[in-house]
Amino acid sequence: MDTNDSLRVASLWHSMHAISQQLSPTVGCSGIELLEADTFDLHCFQSLTGTKFFVVCEPGTQHMEVLLTVIYELYTDYVLKNPFYEMEMPIRCELFDINLTQAIQKDRVALLGR
């Protein structure tokens with residue numbers, strides 16, 4: 001996906017997430033956390049500040065919540081502490097990209113090893 005596609009998906013998800021919070025019969029619902037489709041699953045993690053992180057994976061992939069937590073930790077360590085990063089802008093941080101790639105590769109190895 002290019003940046004524009006990513007922004008479209010994020011915008012659509014944000015709207016669906018907000019609507020689901022309002023329509024949920026469950027008190028204190030935080031919105032959609034998992035969207036299951038025939039060909040993919042989309043997992044969402046929302047931080048306390050409202051920033052949402054997504055993982056798109058094969059249907060039934062386990063432990064994506066853990067991966068999302070790791071991604072959030074990397075975001076706080078490498079993006080939020082970067083003095084050149086502006087909130088609400090696409091992330092352009094080499095250290096974040098490197099560590100994100102390593103985390104995803106570790107997760108893939110762990111999943112294949114099971």
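The figures here come from the full heavy-atom set of this structure, side chains too, leaving out hydrogens, waters and symmetry mates. Quick caveat, the model's predicted, so the values are computed rather than measured.
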Original post:
Which residues pass the side chain to side chain contact (heavy atoms under 4.5 Å, CB included) test with A103, sequence neighbours left out?
Top reply: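 Partners of A103 under the side chain to side chain contact (heavy atoms under 4.5 Å, CB included) test: V70, L74.
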Subject >> Residue pair I19, M16: steps toward the side-chain contact (heavy atoms from CB on, under 4.5 Å) verdict >> reply: CA-CA 5 Å; I19 291 168; M16 289 176 22; 5.8 Å; no
Original post:
Testing L100, T51, N99 for side chain to side chain contact (heavy atoms under 4.5 Å, CB included) with Y75, which one passes?
Top reply: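 Result: among L100, T51, N99, T51 is the only option passing the side chain to side chain contact (heavy atoms under 4.5 Å, CB included) with Y75.
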Straight-line distance of [X] [atom1] to [Y] [atom2], nearest 0.5 Å:
X	Y	atom1	atom2	answer
L80	I91	CG	CD1	8.0 Å
I71	M64	CD1	CE	8.5 Å
L67	Q62	CG	CD	13.0 Å
Y78	E73	OH	CD	11.0 Å
F45	K52	CZ	NZ	12.0 Å
Y85	R92	OH	CZ	10.5 Å

Student check: side-chain heavy atoms of [X] and [Y] closer than 4.5 Å:
X	Y	result
D77	F96	no
T61	D41	no
H43	C57	yes
E58	F40	no

**OP:** Compare every heavy atom of P90 with every heavy atom of T3, then report the nearest pair and how far apart it is.
**Re:**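 Closest heavy-atom pair between T3 and P90: CG2-CG, 4.2 Å.
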Original post:
Looking only at heavy atoms, what is the nearest atom pair of S20 and C29, with distance?
Top reply: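 In terms of heavy atoms, the two residues are closest at O-SG, 4.4 Å.
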Original post:
Would you say S11's side chain and L7's backbone share a donor-acceptor pair under 3.5 angstrom?
Top reply: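 Such a contact is absent between S11 side chain and L7 backbone.
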**OP:** Please indicate whether H17 has more than 12 foreign heavy atoms, meaning atoms of other residues, nucleotides or ligands, lying under 6.0 Å from its NE2.
**Re:**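 Correct, the count exceeds 12.
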Subject >> Residues, nucleotides or ligands: over 12 heavy atoms within 6.0 Å of M89 CE >> reply: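 No, CE of M89 has 12 or fewer neighbouring heavy atoms, counting only those of other groups under 6.0 Å.
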Subject >> Parallel, tilted or perpendicular: rings of Y72 and F53 (30°, 60°) >> reply: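 Answer is perpendicular, since the angle exceeds 60°.
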[X] and [Y]: same hydrophobic cluster, using ILVMFWY side-chain contacts below 4.5 Å?
X	Y	value
I32	L12	yes
L35	V9	no
M87	V79	yes

Subject >> side-chain hydrogen bond (donor to acceptor under 3.5 Å, both in side chains): pairs with one or both residues in residues 21-31, sequence neighbours excluded >> reply: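 side-chain hydrogen bond (donor to acceptor under 3.5 Å, both in side chains) check on residues 21-31 returns S30-E33.
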